[in-house]
Amino acid sequence: MRFFKAAILAGTVAIVAATSGFAADVKIGFVVKQPEEPWFQDEWKFADIAAKEKGFTLVKIGAEDGEKVQSAIDNLGAQGAQGFIICTPDVKLGPGIVAKAAANQLKVMTVDDRLVGADGKPLEDVPHMGISATKIGEGVGQAIADEIKKRGWDMKNVGAIRVSYDQLPTAVDRVEGAIAVLKAAGFPAQNIYDAPQAKTDTEAALNAATTVLNKHADVKYWVAVGLNDEAVLGAVRATESVGIPATNVIGVGIGGADSAINEFKKPTATGFFGTVIISPKRHGYETAMNMYNWVADNKEPPKLTLTSGQLALRDTYQAVRKDLGIE
């Protein structure tokens, strides 16, 4: 009986040792287009947590252009990696990335930006985790509609600044998602004013929004939507510059950037009412886990996973960030 138990125990130890040894042999790349950006730093941070939990090696590579992407994939192949996750600097590199991955016998999945083929359509065979731009925009629109109602404003007297950057599909999806919800809540379409920005920063948004505000100086209340926090902050700065009180402005951004958090930390509330925070946790941790399971157990990730964001306000942003694993 003792011998039997000892044999079972020895077998269990051998299985654990073998599993641990296999995990140590798994090497996964995580390639990002802007390694200096906080979003990608956070993705790497959460991917590192997955690597520590499972015991595999994570290789983090920044690849800012197509040439560096090709080099990164060859590098991973030479290191004996089995797969990689990538946020490409250009989605049109899709066919080349897939071909280079195949040449190096690497499994590939994408994060944030989805690869497209020569016809501009998504490469649906490549597993992808992305952000649902429309859903995030809808969250912005709902937050604004709820606050308009809470403040008792008559929508007929409210103007909406649509800070736009229409050459970027994600920007269109986010903004149109917000506008669609506002219209469904009864917001008059004729009160929505387009403010095209030359770039996606705060200064460009301020300039665009100022033009709208000067043209419609009779409007008492304003709301603002845009691609990101910077777009909405630009619109808020514009309202301040023309003397509109903060209590007459509702701006809801997207991203939860430092600029948004700093706005919440100001001693007096501004027109920047909230931000929909997008969490890098799933995009880093979950994709790394998915790739590990694909390599170790041949369990392919879902072809498409879309994540959404969480609304953070001046008095809730700390709790939201903690909940999303950012704090």
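Residues take their numbers from the sequence shown, with the count starting at 1.
Using a 4.0 Å cut-off between charged nitrogen and carboxylate oxygen, E300 and K303 count as a salt-bridge pair. Comment: K33 engages D113 in a salt bridge, judged by a side-chain N to carboxylate O separation of less than 4.0 angstrom. Remark: E240 engages R237 in a salt bridge, criterion side-chain N to carboxylate O under 4.0 Å. A salt bridge links D90 to K92: at least one charged side-chain nitrogen sits closer than 4.0 Å to a carboxylate oxygen.
When only modelled atom types and interatomic distance are considered, T305 and H128 share no side-chain donor-acceptor pair under 3.5 Å. Donor-acceptor pairing under 3.5 Å is lacking for the side chains of E43 and Y285. Side-chain atoms of T275 and D229 form a donor-acceptor pair, as typed in the model, at a separation below 3.5 Å. Side chains of T202 and E230: a donor-acceptor N/O pair is absent below 3.5 angstrom, by distance only.
I73 and M109 fall into different hydrophobic clusters, where Ile, Leu, Val, Met, Phe, Trp and Tyr are joined by side-chain heavy atoms under 4.5 Å apart, directly or via other members.
The two residues G77 and N104 have their closest heavy-atom pair at CA-OD1, 3.6 Å. Counting all heavy atoms, side chain and backbone alike, P280 lies closest to D42 at CG-CB, 3.4 Å. Nearest heavy-atom pair, K183 versus A189, reported as atom, atom and distance to 0.1 Å: CE-CB, 4.0 Å. The heavy-atom pair separating V212 from A195 by the smallest distance is CG2-CB, 3.8 Å.
In this structure, the side chains of I192 and I179 come closer than 4.5 Å at one or more pairs of heavy atoms. Side-chain contact check for V26 versus T57: every heavy-atom pair is 4.5 Å or farther apart.
Residue pairs satisfying the ring pair (Phe, Tyr, Trp, His ring centres under 6.0 Å) criterion with at least one member in residues 133-180, sequence neighbours excluded, are listed as follows: W153-Y221.
When the options I250, N191, L213 are evaluated for a side-chain contact (heavy atoms from CB on, under 4.5 Å) with W222, the one that passes is L213. Checking each of N290, V111, V32, V31 against I85 for a side-chain contact (heavy atoms from CB on, under 4.5 Å) leaves exactly one that passes, namely V111.
Note that CG of L227 and OG1 of T200 are 6.0 Å apart. Values are rounded to the nearest 0.5 Å. The distance from atom OG of S308 to atom CD1 of I277, rounded to the nearest 0.5 Å, is 12.5 Å.
Remark: the backbone N or O of D258 is paired with a side-chain donor or acceptor of N262 at under 3.5 angstrom. Judged by distance alone, the side chain of T210 and the main-chain N or O of L206 form a donor-acceptor pair under 3.5 Å. The main-chain N or O of G130 is never found under 3.5 Å from a side-chain atom of D112 such that the two would form a donor-acceptor pair.
Using a 30° and 60° split on the angle between ring planes, Y292 and F56 fall in the parallel class, below 30°.
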